[in-house]
Amino acid sequence: MAERTAPPPAAAETMVLNVGPQHPSTHGVLRLILELDGETIVRARPDVGYLHTGIEKNAEKLYYSQVIPLTDRIDYLAPLSNNLVYCLAVEKLLALEVPPRAQWIRVLLTELTRLNNHLVWLGTCALELGAMSVFLYCFREREEILKIFELVSGQRMMTSYFRIGGLAVEPPAEFPRQVDRLLKMLPGRFDEYEDLLTENRIWLARTRGVGVLSPEDAIAWGITGPNLRASGIGLDLRKAEPYSGYENFQFEIPVRPEGDVYARYVVRMQEMRQSVRIARQALDGLPAGPVRADAPGIVLPERDKMKTEMEALIYHFKLVVDGFAPPAGEVYAAVESPKGELGCFLVSDGSPRPWRMRWRPPSLLNVQVLSKLLPGHLFADAIAILASVDFVLGEVDR
Amino acid sequence: MTIPPELAARPVVEKLRAFNPRAVTAAEEFRGQLTLTVPPELIRDIGEFLRDSPELAFHLLTDITAVDRYPVEPRFEILYFLRSMKSGERLRLKAPVSGDQPRLESVVGLWPAADILECEVFDLFGVHFSGHPHLRRVLMPDDWQGHPLRKDYPVEGYR
C-alpha cells in the first residue's frame with residue numbers, strides 16, 4: 001500500500017470526499033476535504049474550527065491566576081504541559097524564581113504527561129492500522145498515569161496543578177512510592193508494545209515509506225517536536241533552550257532520518273523510554289524545600305499562616321479579589337510539549353489581566369502539514385499519516 | 001521610537017540595517033527577548049532577507065499573531081516569531097498596521113507555515129494579507145460578522 005503514484009493531470013475527473021467532522025479516524029472533529037482520483041489523493045484540505053471556544057479571548061477578561069484552568073482544556077491529553085508553559089510565561093513576565101523542588105516536580109509530571117500523550121498516540125495510531133490490542137494495553141498503562149495525576153491534583157485530566165510561582169500543594173506522602181511503581185512497570189510494557197509492532201510485517205508494510213516529510217519541508221511548514229525529529233533534525237527545546245531545570249537532567253534526543261510514519265513511531269517509542277529516564281532522575285534527586293516561591297502578593301500564603309498572621313490574611317484577600325499586576329511588557333515562553341513547540345505569548349499592559357494571550361499550538365501546524373503530506377497517497381494511507389502526526393483538536397481550535 | 005546603542009550593535013540588527021537602512025524603526029529587549037519594529041510595507045523583503053541570509057538562517061517561522069492596541073493608532077501590531085536554525089536565536093518582528101483597512105503583504109511564499117496562521121489573524125482580527133493564496137475564516141463560521149479578538153468586539157449583550 002506504500003507505493004505512490006504521481007498526481008494525475010488536472011484534467012482527470014476527480015471526486016471530492018468529505019472525511020469528518022464526525023468520523024472516528026479523524027481523532028476528533030477535524031474535517032478533511034479530499035480530492036480523489038480513484039483511490040489516490042490529489043488534493044487535501046483540512047477544515048478546522050469546530051471546537052473553537054475562544055480561550056484566547058476569555059483570558060483577556062480573567063486575572064492571571066484564573067487563566068490556568070482554561071489552559072488544561074486546550075490540549076487535554078497534555079494538561080500539565082499547558083499549565084507549565086502558561087506559568088513559565090507569567091513567571092518570566094514577573095521575573096519570578098521558582099523553588100528547585102517545584103521545578104523538579106514540574107519536570108517529573110510533564111514527563112509523565114508526555115508518556116500519557118504518547119500512549120494515547122500509540123494506541124490510537126495502532127488502532128487505525130488494525131492493531132486493536134495495542135490500544136487496550138496503552139490505555140491500561142495510561143490509566144496508571146492518570147491515577148498519579150489524580151493523586152497530586154484531585155483530577156485525572158483537568159489538573160490545574162501548576163500555579164504561578166510553583167505548585168498548588170505539596171504532593172501527598174505516597175506520591176514517590178506510586179511514581180516509583182509506575183516507572184518500574186513501564187519499560188517492560190514498552191517492550192511488549194515493541195514486540196507487537198516494531199518488527200510486525202503488517203505494521204512495517206503500512207508505515208515504512210508512507211507520508212515522508214523531508215527536513216526542509218518540515219522546517220518550512222513550522223513542524224517541531226517528534227515529527228521534526230523523525231525527519232532528521234534533532235531540535236528539542238529541553239536541550240536547546242532548557243527551562244524548569246532541564247539542564248540538570250541526563251537524557252538523549254531520539255532522531256530518525258527517514259521522515260515516514262515508521263520513523264515517527266520509532267522516535268516516540270524511544271522518547272517514552274527517555275521520559276522514564278528523566279522522571280526517574282527527578283524522583284531520585286527530588287530536592288527538599290518549599291513548592292511555592294516566597295512572593296507575597298503573587299503567590300497565595302500558606303493556609304496555616306493565614307490563621308495566625310494578619311498580613312498573610314490580607315495578602316490572601318487582596319490576591320483573590322484584585323489579582324496581581326505584572327509590569328507592562330511582552331514575553332514568549334516555549335516548552336517541548338509532546339506534540340512540538342508549545343508557546344505562550346503574553347502581552348501585559350500593567351493591569352491584573354493579560355491584554356492579550358496567544359497560544360502557539362503545535363497541533364495546528366501538524367494538521368496544516370497534512371495538505372502537503374497526503375497528496376499522492378492512497379486513501380488508506382491517509383489514515384495512517386493522519387494518525388502519525390499527532391494532534392488534538394482542542395488545541396487546534398482553542 | 002529609537003534603537004538603543006547596545007541593541008544596534010547586535011549582528012541581526014546591523015545586518016538588517018545594512019540590507020535596508022529603513023528596515024528597523026525600533027528595537028526593544030524585555031526579559032532577554034528581542035523585538036524589532038519593522039515597516040509593514042517591507043515585511044516580505046525583511047522576511048526573505050532573514051530567511052535566506054546564510055549567517056542568520058531564520059528558517060523556522062514558529063508563529064504569526066496580532067495584538068489590538070485599540071484605541072491607540074496604529075491599532076494593530078502583527079507579530080512574526082522566528083527562530084534561527086543556525087544559532088538557535090529567537091527574534092520577534094513587529095509590524096504596526098493602521099486600523100483603517102488593515103493590510104500587509106503575505107509571507108506564505110517564504111514560509112508555507114504562514115498559511116493557516118495568517119488566516120487566523122484575518123479571521124480573528126480582520127487584517128488582510130495581500131498575496132495570500134486562499135485567505136479564509138478558519139476558526140469562526142464562514143458567514144460570521146465581525147472579528148472576535150478585536151478589543152471593540154462586543155463580549156456581552158445582543159450582537
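Convention: sequence-line order gives letters A, B, ...; per-chain numbering from 1.
- Side chains of A:Ile233 and B:Met85 form a contact here, defined as non-hydrogen atoms less than 4.5 Å apart.
- Heavy atoms closer than 4.5 Å to chain B are found in the side chain of A:Ala334, but not in its backbone.
- Neither the backbone nor the side chain of A:Lys372 comes within less than 4.5 Å of any heavy atom in chain B.
- In this structure, A:Glu330 and B:Gln33 approach most closely via the heavy-atom pair O-OE1, 4.0 Å.
- Contact between A:Lys57 and B:Lys151 at its shortest, heavy atoms only, is NZ-CA, 4.5 Å.
- Across all non-hydrogen atoms, the minimal contact from B:Leu60 to A:Ile223 is CD1-O, 4.5 Å.
- Interface remark: A:Ile219 contributes backbone and side-chain atoms alike to the contact with chain B (heavy atom separation under 4.5 Å).
- A:Arg360 has its side chain out of reach of B:Thr65: every pair of non-hydrogen atoms, C-beta onward, lies at least 4.5 Å apart.
- Of the two parts of B:Ile64, only the backbone, made up of N, CA, C and O, holds a non-hydrogen atom closer than 4.5 Å to a non-hydrogen atom of chain A.
- In this structure, the side chains of A:Pro327 and B:Arg31 come closer than 4.5 Å at one or more pairs of heavy atoms.
- Using a 30° and 60° split on the angle between ring planes, A:Tyr332 and B:Phe81 fall in the tilted class, from 30° to 60°.
- With a 4.5 Å cut-off on non-hydrogen atoms, B:Leu61 touches chain A through its backbone but not through its side chain.
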Determine whether A:Glu341 and B:Arg83 satisfy the following criterion, salt bridge (charged side-chain N to carboxylate O under 4.0 Å, His left out), listing intermediate values before the conclusion.
CA-CA 12 Å; A:Glu341 177 181 326; B:Arg83 188 182 190 281; 5.3 Å; no
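- Of the two parts of B:Arg92, only the side chain, counted from C-beta on, holds a non-hydrogen atom closer than 4.5 Å to a non-hydrogen atom of chain A.
- Looking only at side-chain heavy atoms (C-beta outward), B:Leu117 and A:Gln368 stay at 4.5 Å or farther from each other.
- With respect to chain B, the highest number of heavy-atom pairs below 4.5 Å among A:Gly49, A:Ala220, A:Gly222 belongs to A:Ala220.
- Although no hydrogens or angles enter the test, the distance criterion places a donor-acceptor pair under 3.5 Å between the side chain of A:Arg356 and the main chain of B:Ala66.
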Evaluate salt bridge (charged side-chain N to carboxylate O under 4.0 Å, His left out) for A:Arg358 paired with B:Glu77, printing each intermediate quantity in order.
CA-CA 13 Å; A:Arg358 160 69 183 172; B:Glu77 289 168 351; over 6 Å; no
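- Neither the backbone nor the side chain of B:Leu110 comes within contact range of chain A; no heavy atoms are under 4.5 Å apart.
- A:Glu216 does not touch chain B: none of its heavy atoms, backbone or side chain, sits under 4.5 Å away.
- With a threshold of 4.5 angstrom between heavy atoms, A:Val396 approaches chain B through N, CA, C or O but not through any side-chain atom.
- Ranked by heavy-atom pairs under 4.5 Å with chain B, the first of A:Leu93, A:Val367, A:Leu51 is A:Leu93.
- When heavy atoms are compared at a cutoff of 4.5 Å, B:Glu28 does not approach chain A at all.
- Contact of B:Asp68 with chain A is made through the backbone alone, with heavy-atom distances under 4.5 Å.
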